[in-house]
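Here's the structure, in structure tokens; my notes come after.
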Amino acid sequence: MPGATESPAAPPAGSARWFAWLFTPRSARETLALLFQLETELRAIVISPRDHGVAHLKLHWWREELQRLAAGTPRHPLSVALANSTRCTASAWAPLGDYLTSLELDLAAVAIDDDAELERFLALADGHARTMALSLGGESDAGRETLGAELGQSIRGVQIVADWCATAMDEPRRQAVVRLAAQSRARWGRAVELFNGAGLEALRGLRVLGELHLAFLDRL
């Protein structure tokens with residue numbers, strides 16, 4: 001089993017990301033690790049920002065940088081490394097724009113008041129997972145993007161359930177947690193069917209990532 005020092009880009013040993021990286025073929029590990037780093041970089045902007053104005057400016061810069069990445073002219077060292085790590089079309093990077101929009105909603109603390117709004121949010125938040133499925137699987141196709149959407153919405157749903165469970169809940173919120181947990185399991189079931197049908201070795205690590213999140217949901 002490889003150690004944490006085998007690759008400087010490897011996620012922290014023992015984490016869910018590390019297991020996803022471990023079960024990904026060596027040829028795709030660098031891309032996956034860089035995508036995890038990008039997610040961390042973007043999430044850090046919206047987690048307890050000291051200045052919301054500065055945070056919005058940073059997200060705006062990254063939106064332009066993601067457009068440059070899709071055009072093949074990135075500037076940030078992380079996006080340059082991503083561009084050099086994989087051969088994929090510009091459409092593989094496009095879903096990251098949706099993911100960035102979900103972070104803008106997080107930063108603005110937009111309230112999710114009903115199931116329809118939650119569905120719209122999840123359809124944006126799955127952008128990172130869609131990019132993982134597209135960039136790790138080779139040439140872009142709709143099947144892998146759909147797989148990434150089901151995986152991403154399942155994982156993000158589990159994360160939201162965990163956040164809600166960590167706070168005091170009234171009965172409407174408790175019912176919302178139950179519905180979201182069931183939806184996350186259903187989305188994972190559809191993702192598994194797509195994994196089985198695709199037979200893509202490069203996406204094996206993403207399946208592990210989803211399995212670990214569902215195990216966490218069961219513990220919750």
Side-chain angles (χ1 to χ4, degrees), residues 1-44 69 78-79 81-89 91-93 95-96 99 122 125-162 181 183-220:
M1 181 177 290
T5 59
E6 179 177 313
S7 168
S15 66
R17 288 180 172 186
W18 183 78
F19 280 107
W21 174 87
L22 180 67
F23 282 91
T24 294
R26 292 181 183 274
S27 60
R29 283 182 183 175
E30 181 183 3
T31 299
L32 180 62
L34 289 168
L35 284 168
F36 283 150
Q37 288 181 19
L38 176 63
E39 184 181 27
T40 298
E41 178 97 7
L42 297 178
R43 283 292 303 164
L69 174 60
L78 183 51
S79 44
L82 264 174
N84 292 334
S85 72
T86 183
R87 295 180 180 179
C88 59
T89 64
S91 61
W93 309 120
L96 291 174
Y99 178 67
L122 290 173
D126 68 16
H128 185 265
R130 280 186 277 145
T131 285
M132 287 196 294
L134 290 169
S135 61
L136 296 176
E139 295 181 3
S140 302
D141 71 11
R144 279 195 292 277
E145 185 163 7
T146 300
L147 188 157
E150 297 288 7
L151 172 69
Q153 292 188 39
S154 176
I155 289 175
R156 190 68 181 99
V158 172
Q159 293 168 345
I160 293 173
V161 166
Q183 291 165 4
S184 294
R185 290 190 177 94
R187 288 182 175 113
W188 174 244
R190 293 193 292 270
V192 169
E193 291 180 0
L194 291 166
F195 275 120
N196 291 338
L200 293 172
E201 180 69 11
L203 301 185
R204 184 175 56 176
L206 299 189
R207 181 165 185 165
V208 170
L209 187 67
E211 292 280 8
L212 290 172
H213 276 81
L214 262 291
F216 177 53
L217 179 62
D218 290 340
R219 290 200 300 274
L220 287 175

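Fair warning: this is a prediction, and the values are worked out from it, not measured in the lab.
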Which residues share a side chain to side chain contact (heavy atoms under 4.5 Å, CB included) with A191, sequence neighbours left out: E150, W188, F195

Set of side chain to side chain contact (heavy atoms under 4.5 Å, CB included) partners for A81, sequence neighbours left out: L34

Contact summary for W21 and A33, nearest pair of heavy atoms: CD1-CB, 4.0 Å

Residues which pass side-chain hydrogen bond (donor to acceptor under 3.5 Å, both in side chains) with Q153, listed by chain and number, not counting sequence neighbours: D126, R187

Closest approach of G148 to A129 (non-hydrogen atoms, all atoms of both residues): O-CB, 3.3 Å

Residues that R207 engages under salt bridge (charged side-chain N to carboxylate O under 4.0 Å, His left out), provided they are two or more places apart: none

Atom pair CH2 (W93) and CG (L134), whose distance is rounded to the nearest 0.5 Å: 9.5 Å

Closest approach of C88 to S135 (non-hydrogen atoms, all atoms of both residues): SG-CB, 4.2 Å

For residues 208-220, tabulate all N or O donor-acceptor pairs below 3.5 Å that involve a side-chain atom, not counting sequence neighbours.
{"from": "H213", "atom 1": "ND1", "to": "L209", "atom 2": "O", "distance (Å)": "3.0"}
{"from": "D218", "atom 1": "OD1", "to": "R185", "atom 2": "NH2", "distance (Å)": "3.2"}

Considering all heavy atoms, the nearest A20-F36 contact: CB-CZ, 4.2 Å

Distance (rounded to the nearest 0.5 Å) between Q37 CD and L42 CG: 12.0 Å

Separation between CZ of R156 and CD of Q159, rounded to the nearest 0.5 Å: 5.0 Å

Atom of S91, atom of P95 and distance for their closest heavy-atom approach: O-CD, 3.3 Å

Partners passing side-chain hydrogen bond (donor to acceptor under 3.5 Å, both in side chains) against S27 (at least two apart in sequence or in another chain): none

Rounded distance (nearest 0.5 Å) linking atom CD1 of I155 with atom CG of L122: 12.0 Å

Plane angle bin for H128 and Y99 - parallel if under 30°, tilted between 30 and 60°, otherwise perpendicular: tilted

Main-chain N/O of E145 paired to R130 side chain as donor or acceptor, under 3.5 Å: no

Set of residues satisfying side-chain hydrogen bond (donor to acceptor under 3.5 Å, both in side chains) with respect to E39, sequence neighbours excluded: R17

Point-to-point distance, once rounded to the nearest 0.5 Å, from OG1 of T31 to CG of L38: 12.0 Å

Residue list, side-chain hydrogen bond (donor to acceptor under 3.5 Å, both in side chains) with T86, at least two apart or on another chain: none

Nearest non-hydrogen partners of L136 and A28, listed with the distance: CD2-O, 3.6 Å

Distance, nearest 0.5 Å, that separates CZ of R29 from CG of L22: 5.5 Å

Sub-4.5 Å side-chain heavy-atom contact between L151 and L194: no

